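All remarks here apply to the structure that follows.
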Amino acid sequence: PSKDKISPFERDAMLAAARAAMDRAYAPYSHFHVGAAVLDEHGAIHAGCNVENAAYPQGVCAEAGALSAMVLAGATRVRAVLVMGHGDALVTPCGGCRQKIREFARGDAKIHCCTEDGELIRSFTLDELLPYSFGRENL
């Protein structure tokens with residue numbers, strides 16, 4: 001596969017990583033567990049889960065945790081993101097996480113949104129989720 005397309009093997013591995021992360025989410029207030037997996041430019045997968053806090057704005061989204069793990073591992077480019085959460089409704093990255101993903105991904109990077117059972121609901125490009133975004137080229 002090309003460097004910017006993900007293989008079925010990579011998608012399955014991202015799904016497994018996001019599911020494992022979702023199972024470890026710390027969500028005692030909302031009880032809404034989210035897991036995310038980021039595929040980097042080297043083919044490594046980095047996972048994150050949401051971590052709530054009693055002071056609500058201080059929580060951390062799953063996508064932000066996965067991006068932090070990616071940077072800690074030495075990667076700087078997102079090829080794809082997979083997000084999953086409880087229920088059958090579409091779980092997409094929040095606005096803040098879309099901007100965080102934008103820091104490391106091109107506009108054509110795929111964001112895959114799955115149910116907690118791993119069923120793909122919909123895939124978007126980052127440009128579809130965050131049109132006319134602000135990035136380093138604007139500085």
Side-chain angles (χ1 to χ4, degrees):
S2 96
K3 279 188 95 65
D4 294 317
K5 302 281 184 192
I6 66 169
S7 70
F9 173 78
E10 289 170 320
R11 186 172 119 38
D12 289 348
M14 290 177 72
L15 188 60
R19 180 177 290 119
M22 184 182 71
D23 290 343
R24 291 190 168 233
Y26 178 76
Y29 308 107
S30 72
H31 307 288
F32 190 77
H33 293 224
V34 179
V38 170
L39 177 67
D40 74 22
E41 72 269 29
H42 307 293
I45 295 169
H46 311 278
C49 63
N50 59 318
V51 178
E52 293 182 349
N53 190 289
Y56 290 143
Q58 300 306 312
V60 177
C61 295
E63 300 89 337
L67 289 169
S68 292
M70 179 191 80
V71 170
L72 179 61
T76 57
R77 189 166 149 265
V78 169
R79 288 177 46 208
V81 177
L82 188 142
V83 182
M84 64 181 349
H86 286 280
D88 294 327
L90 189 63
V91 177
T92 61
C94 72
C97 285
R98 293 173 192 199
Q99 184 63 44
K100 287 176 180 76
I101 293 165
R102 166 64 164 88
E103 184 68 19
F104 300 102
R106 294 195 303 238
D108 61 351
K110 289 289 191 174
I111 314 295
H112 304 286
C113 303
C114 299
T115 66
E116 64 186 303
D117 295 325
E119 179 185 339
L120 178 65
I121 297 176
R122 185 157 176 202
S123 295
F124 300 89
T125 65
L126 180 58
D127 278 345
E128 289 174 314
L129 288 177
L130 191 66
Y132 308 104
S133 64
F134 186 86
R136 67 183 70 207
E137 66 278 0
N138 298 102
L139 298 175

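It should be emphasised that the depicted structure is a prediction, and the values quoted were computed from it without experimental measurement. The figures that follow rest on heavy atoms only: side chains count, while hydrogens, waters and symmetry mates do not. For this chain, numbers begin at 1 and follow the sequence in order.
Proximity of H33 to D23: side-chain heavy atoms (C-beta onward) are nowhere separated by under 4.5 Å. Within the 4.5 Å cutoff, side-chain heavy atoms of L82 are placed close to those of C114. Here the side chains of V38 and F104 are not in contact, with every heavy-atom distance at 4.5 Å or above. No side-chain heavy atom of K5 sits under 4.5 Å from any side-chain heavy atom of K110. By the 4.5 Å heavy-atom criterion applied to side chains, N53 and Y29 are not counted as neighbours. For the pair M84/L15, a side-chain contact is recorded, criterion being any heavy-atom separation below 4.5 Å from C-beta on.
A donor-acceptor contact under 3.5 angstrom links the side chains of T92 and R98, judged on distance only.
The two residues L129 and P131 have their closest heavy-atom pair at C-CD, 3.6 Å. Considering every non-hydrogen atom in both R122 and F124, the closest pair reads CZ-CE2, 3.3 Å. The shortest heavy-atom contact between A13 and I45 is CB-CD1, 3.4 Å. Residues A36 and A66 come closest through the heavy atom pair O-CB, 4.1 Å. Taking all atoms of both residues into account, the shortest heavy-atom contact from A89 to I121 is O-CD1, 3.7 Å. The nearest pair of heavy atoms linking L90 to C113 is CD1-CB, 3.7 Å.
Between E103 and R136, at least one side-chain nitrogen of the basic residue sits less than 4.0 Å from a carboxylate oxygen of the acidic one, meeting the salt-bridge criterion. Between R102 and E137 there is a salt bridge, since a side-chain N of the basic residue sits under 4.0 Å from a carboxylate O of the acidic one.
Judged purely by atom type and a 3.5 angstrom limit, Q99 uses its side chain to pair as donor or acceptor with the backbone of F134. No donor-acceptor pair closer than 3.5 Å links the side chain of E41 to the backbone N or O of A75. A donor-acceptor distance shorter than 3.5 angstrom exists from the side chain of N50 to the backbone of F32, with no hydrogens or angles considered. In terms of modelled atom types and a separation under 3.5 Å, the side chain of E116 and the main chain of G87 share a donor-acceptor contact.
The CZ atom of R79 lies 9.0 Å from the CE atom of M14; values are rounded to the nearest 0.5 Å. Rounding to the nearest 0.5 Å gives a distance of 12.5 Å between CG of L72 and CG of L67. One finds the CZ atom of R19 at 15.5 Å from the SG atom of C49 (value rounded to the nearest 0.5 Å). For the atom pair CE (M70) and CD (E63), the distance works out to 13.0 Å, reported to the nearest 0.5 Å.
Residues V51 and V34 are members of separate hydrophobic clusters, defined by side-chain heavy-atom contacts under 4.5 angstrom among Ile, Leu, Val, Met, Phe, Trp and Tyr. No single ILVMFWY cluster, assembled from side-chain heavy atoms under 4.5 Å apart, contains both V60 and V78.
Just one residue in the list E10, R11, H46 forms a side chain to side chain contact (heavy atoms under 4.5 Å, CB included) with L39, and that residue is E10.
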